[in-house]
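A short write-up of the structure that comes next.
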Amino acid sequence: MKQPSIMSPPVALIAAVVLAVILTGRAVDATVASTCKEAAASDVRVSLQLCLSQLSSQRGAADADAWGLAKVASLAGVNNAALAADDVKTLLAGNPSLPMKQALAKCDTAYSEAAVAFAQASDEINGRSYATGKKKLEEALAQAQQCNAAFGTHGVTLPQPLAQHTVDSIQIAIIAEAITGLIK
């Protein structure tokens, strides 16, 4: 009769580590996914797809609870506002028309203020001052919307990639605010 094969200790250890990594990865994805789903259920303006893509790609999101994910989302807003500000500077360097230059100047100011508001929101959430954090996120949202409105006011089209950064900034502010509302 054959003896049942027993894995050697190193093989068993490797198998256990691989299994733990797989299970941990699923749990992490489940945390981000479940938080984004809850945020989307709590606020119809939340894009579930953008929430998942933004939070999954951010450092610190994998191990975060709702509190941590609210901070991560706020910091993603800081990064996005900085990218938008860089786009504004690039567009201004291209010698745009006067109406475009005026709209871009308003966006430059708006995104500087949006970045500060997102950073302050993260600080407030970190300090567990959720109501103040949500107000800062509303300020960031309003600044991104002001950039968008500046183009309509001056009768020019919001150019890419600034247009996408504006959509993302608005959505990130909404997502961060919805996640902050989930913190118990």
Side-chain angles (χ1 to χ4, degrees), residues 32 35-37 39-61 69-127 129-182:
V32 171
T35 301
C36 286
K37 286 177 185 173
S42 72
D43 187 334
V44 296
R45 301 173 301 160
V46 171
S47 164
L48 178 59
Q49 185 174 356
L50 186 66
C51 182
L52 291 168
S53 68
Q54 284 292 321
L55 294 184
S56 295
S57 66
Q58 298 296 319
R59 182 186 302 198
L69 290 173
K71 294 185 302 180
V72 166
S74 297
L75 293 175
V78 172
N79 292 338
N80 195 70
L83 291 171
D86 287 345
D87 289 342
V88 168
K89 286 172 184 37
T90 300
L91 291 165
L92 282 169
N95 198 24
S97 67
L98 180 60
M100 178 66 80
K101 191 179 286 189
Q102 291 170 327
L104 289 169
K106 287 183 181 177
C107 278
D108 190 35
T109 301
Y111 275 109
S112 292
E113 292 178 18
V116 169
F118 275 121
Q120 290 172 335
S122 179
D123 289 344
E124 294 296 336
I125 293 164
N126 188 50
S129 181
Y130 306 126
T132 306
K134 287 171 83 170
K135 286 180 185 174
K136 292 297 178 182
L137 291 165
E138 289 170 13
E139 288 175 24
L141 172 64
Q143 292 301 327
Q145 290 172 328
Q146 284 182 14
C147 175
N148 200 20
F151 283 86
T153 300
H154 292 285
V156 291
T157 302
L158 184 61
Q160 288 294 352
L162 182 58
Q164 187 60 52
H165 288 304
T166 298
V167 169
D168 290 349
S169 287
I170 290 168
Q171 190 57 219
I172 291 167
I174 291 168
I175 290 166
E177 187 175 352
I179 292 172
T180 302
L182 299 175

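Hydrogens, waters and symmetry mates are skipped; everything else that's a heavy atom, side chains included, is used.
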Legend entry - Side chains of Tyr111 and Leu83 in contact at under 4.5 Å (non-hydrogen atoms): no

Inset, instruction - Run the numbers on Lys101 and Asn95 for side chain to side chain contact (heavy atoms under 4.5 Å, CB included), then give the verdict. - result: CA-CA 8 Å; Lys101 191 179 286 189; Asn95 198 24; 4.3 Å; yes

Legend entry - Closest approach of Ile174 to Val46 (non-hydrogen atoms, all atoms of both residues): CG2-CG2, 3.8 Å

Inset, instruction - To the nearest 0.5 Å, tell me how far Cys51 SG sits from Gln171 CD. - result: 8.5 Å

Legend entry - Donor-acceptor under 3.5 Å (Ser42 side chain, Ala39 main chain): yes

Legend entry - Cys107 vs Phe151 side-chain heavy atoms within contact, under 4.5 Å: yes

Legend entry - Reported OG-to-CD1 distance for the pair Ser47 and Ile175, which is rounded to 0.5 angstrom: 6.0 Å

Legend entry - Ser53 side-chain N/O to Leu50 backbone N/O, donor-acceptor pair under 3.5 Å: yes

Legend entry - Name of the residue among Ile125, Ile179, Leu55 meeting side chain to side chain contact (heavy atoms under 4.5 Å, CB included) with Val72: Leu55

Inset, instruction - Check step by step if salt bridge (charged side-chain N to carboxylate O under 4.0 Å, His left out) holds for Glu138 and Lys135. - result: CA-CA 5 Å; Glu138 289 170 13; Lys135 286 180 185 174; over 6 Å; no

Legend entry - Heavy-atom closest pair, residues Ser56 and Val32: OG-CG1, 3.8 Å

Inset, instruction - Would you sort out whether Gln102 and Thr153 count as a side chain to side chain contact (heavy atoms under 4.5 Å, CB included), showing the intermediate values? - result: CA-CA 10 Å; Gln102 291 170 327; Thr153 300; over 6 Å; no

Legend entry - Distance-minimising heavy-atom pair for Ala76 and Ile172: O-CD1, 4.1 Å

Inset, instruction - Nearest 0.5 Å please: distance from the CG atom of Asn148 over to the CD1 atom of Ile170. - result: 5.5 Å

Legend entry - Spacing of Ser74 atom OG and Glu124 atom CD [to the nearest 0.5 Å]: 10.5 Å

Legend entry - Modelled atom types, side-chain donor and acceptor of His154 and Lys106, under 3.5 Å: yes

Legend entry - Atom pair OH/CD of Tyr130 and Glu177 - distance to nearest 0.5 Å: 15.0 Å

Inset, instruction - Give every residue pair that meets the salt bridge (Lys or Arg N to Asp or Glu O under 4.0 Å) criterion with at least one member in residues 43-55, sequence neighbours excluded. - result: Asp43-Arg45

Legend entry - Asn80 versus Ser169, side-chain donor and acceptor atoms under 3.5 Å: yes

Inset, instruction - Apply the test side chain to side chain contact (heavy atoms under 4.5 Å, CB included) to residues Phe118 and Leu75: give CA-CA distance (whole Å), side-chain angles for both, the deciding distance (0.1 Å), then the verdict. - result: CA-CA 7 Å; Phe118 275 121; Leu75 293 175; over 6 Å; no

Inset, instruction - For Lys37, enumerate each residue passing the side chain to side chain contact (heavy atoms under 4.5 Å, CB included) test, keeping only those at least two apart in sequence or located in another chain. - result: Leu48

Inset, instruction - Nearest 0.5 Å please: distance from the CD atom of Glu139 over to the CG atom of Leu141. - result: 10.5 Å

Inset, instruction - Would you check if the side chain of Gln160 reaches a backbone N or O of Gln164 as a donor-acceptor pair within less than 3.5 Å? - result: yes

Inset, instruction - State, to 0.1 Å, how close Thr166 and Cys147 come at their nearest heavy-atom pair, and which atoms those are. - result: OG1-SG, 4.2 Å

Legend entry - Matching residue for His165 among Asp87, Leu158, Asp86, Val88 - test: side chain to side chain contact (heavy atoms under 4.5 Å, CB included): Asp87

Legend entry - Considering all heavy atoms, the nearest Ala84-Leu162 contact: O-CD1, 3.7 Å

Inset, instruction - Determine the minimum heavy-atom distance between Pro96 and Leu104, stating which atoms define it. - result: CG-CD1, 4.1 Å

Legend entry - Sidechain-backbone polar pair: Ser57 side chain, Gln54 backbone, donor-acceptor under 3.5 Å: yes

